[in-house]
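Heads up, the thing below is written out as structure tokens.
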Number of protein chains: 2
Amino acid sequence: MGDAGERQELALLLRRLTVELDAVGQRFAQAHGLNRTDVRALVAIMDAARRGEALTAGRLGEAVELRSASVTALVDRLEKVGHVRRSRDAEDRRRVVLEMSDSAMAAGAEHFGGLARDLTAAMEGYTPEELAVVRRFLVEMTDVIVEHARATEPPEA
Amino acid sequence: MGDAGERQELALLLRRLTVELDAVGQRFAQAHGLNRTDVRALVAIMDAARRGEALTAGRLGEAVELRSASVTALVDRLEKVGHVRRSRDAEDRRRVVLEMSDSAMAAGAEHFGGLARDLTAAMEGYTPEELAVVRRFLVEMTDVIVEHARATEPPEA
DNA sequence: TCGTAATCTCTCGACGATCGAGATTATCGA
DNA sequence: TCGATAATCTCGATCGTCGAGAGATTACGA
């Protein structure tokens with residue numbers, strides 16, 4: 001068997017990384033006068049845009065786990081400071097599609113894009129084989145975590 | 001140069017891992033009728049206990065980044081459901097030291113300890129050399145993240 | 001020793017984020 | 001056209017957080 005202490009320490013390193021990564025989002029929120037949920041929402045909208053999709057209010061609510069009443073308030077906040085724009089979906093006029101403003105997109109790209117740049121730059125110091133090991137590790141650990149979350153999930157209706 | 005797309009994907013995997021790990025804490029919170037901050041606080045108290053320290057109200061406030069008024073409310077909540085106990089520090093009677101109840105300790109150990117067990121078990125599938133690579137990766141990426149957070153930190157008074 | 005400043009926690013009132021219930025508007029199938 | 005369904009919004013209530021300040025204890029210089 002391997003060194004159990006070493007493996008446990010790796011688990012702690014994983015947790016520490018998540019804490020610090022959370023802090024990055026927190027900084028962005030503070031710097032722009034937003035709260036945690038607002039940032040999550042902007043990230044969700046950016047991710048959707050990256051996939052070529054336009055997020056609706058309902059989809060955003062699912063992404064950030066908020067009820068419709070809270071989504072309305074959330075989008076109100078983001079719209080008020082000019083980070084998103086509301087517009088009715090032409091095909092289904094019940095839906096409200098959300099689009100990020102260029103300024104918000106730029107701010108997000110600068111903050112998180114900068115981090116992504118630094119991270120990938122730091123990965124220059126690894127061989128392709130090493131990165132493959134890391135990838136396998138991240139995927140497997142994520143799977144374990146997801147499985148754990150599912151196992152403790154409240155029973156569906 | 002390595003494959004830039006691959007490295008960027010690794011960065012996304014890191015973020016996904018943090019999201020899922022966050023969800024684990026969220027599940028624990030829901031299952032025990034707590035909110036995010038309460039869980040963070042319990043984790044902080046457990047970590048301190050693991051280091052052999054007894055957390056005071058003030059220290060807890062620093063750990064979870066809350067003002068004293070909020071810490072009072074936080075500890076009130078945790079004490080009401082029997083997760084922590086308040087007691088005056090014998091050496092400095094201004095201070096309030098916090099101790100986790102055995103039941104809360106057990107609940108936390110079952111939830112998070114179970115995850116830690118699953119994670120370390122999944123690490124059995126790696127050679128010591130591979131784990132060393134992973135460790136270096138996690139440490140270096142965390143350093144980059146911390147540095148990024150510091151760089152965007154609001155200027156100190 | 002005394003008095004003042006510093007430290008730690010708590011109380012109070014206010015604000016903001018979230019939610020549940022229900023209203024409103026739009027779409028779809030019969 | 002009409003009823004059922006869907007997407008979003010409005011309203012009132014609840015809860016977590018904060019700022020300001022009070023109360024209690026300790027540290028320290030005169």
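Sequence lines set the chain letters: A, B, ... in the order given, protein chains first and strands last, and positions in each chain run from 1.
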Under 4.0 Å between a Lys/Arg side-chain N and an Asp/Glu carboxylate O for [X] and [Y]?
X	Y	answer
B:Arg40	A:Asp22	no
B:Glu6	A:Arg135	yes
B:Glu130	A:Arg136	yes

Expressed as a whole number of angstroms, how long is the span from [X]:[atom1] to [N]:[atom2]?
X	N	atom1	atom2	value
A:Arg95	C:dT24	CZ	C1'	18 Å
B:Leu55	C:dT9	CG	C1'	14 Å
A:Leu34	D:dT17	CG	P	18 Å
B:Asp89	C:dT7	CG	P	17 Å
A:Glu79	D:dC9	CD	C1'	13 Å
B:Leu78	C:dC10	CG	P	13 Å
A:Glu62	D:dA6	CD	P	13 Å
B:Asp76	C:dT9	CG	C1'	11 Å

Base C:dT25 paired with A:Arg94 side chain (donor-acceptor, <3.5 Å): no

Terminal helix-axis angle for the helix from C:dT1-D:dA30 to C:dA30-D:dT1, with five pairs defining each axis and rounding to 10 degrees: 20°

B:Met123 vs A:Val144 side-chain heavy atoms within contact, under 4.5 Å: no

Distance-minimising heavy-atom pair for B:Val39 and B:Ala29: CG2-CB, 3.5 Å

OP1 or OP2 of D:dT25 under 4.0 Å from side-chain N/O of B:Arg93: yes

Which residue lies more 5' along DNA chain C, comparing A:Arg88 with B:Thr72 via nearest heavy atoms: B:Thr72

Touch class at under 4.0 angstrom, heavy-atom based, for B:Arg59 against every strand present: nothing

Sugar-phosphate only, base, or nothing, as touched by B:Arg86 at under 4.0 Å among non-hydrogen atoms: sugar-phosphate

Matching residue for B:Asp89 among B:Arg59, B:Arg95, B:Arg94 - test: salt bridge (Lys or Arg N to Asp or Glu O under 4.0 Å): B:Arg95

Approximate separation, where rounding is to 0.5 Å, of A:Glu9 CD and B:Leu138 CG: 11.0 Å

Grab the N/O contacts between the protein and nucleotides 18-22 of chain C below 3.5 Å, and write none if there aren't any.
from: C:dT18; atom 1: OP1; to: A:Thr37; atom 2: OG1; distance (Å): 2.5
from: C:dT18; atom 1: OP2; to: A:Arg77; atom 2: NH2; distance (Å): 3.1
from: C:dC19; atom 1: OP2; to: A:Arg67; atom 2: N; distance (Å): 3.0
from: C:dC19; atom 1: OP2; to: A:Ser70; atom 2: OG; distance (Å): 2.7

With B:Phe28 via ring-ring contact (aromatic ring centres under 6.0 Å, His included) - residues at least two apart: B:His32, B:His111, B:Phe112

Check: B:Ser101 side chain, B:Gly82 main-chain N or O, donor-acceptor pair, under 3.5 Å: yes

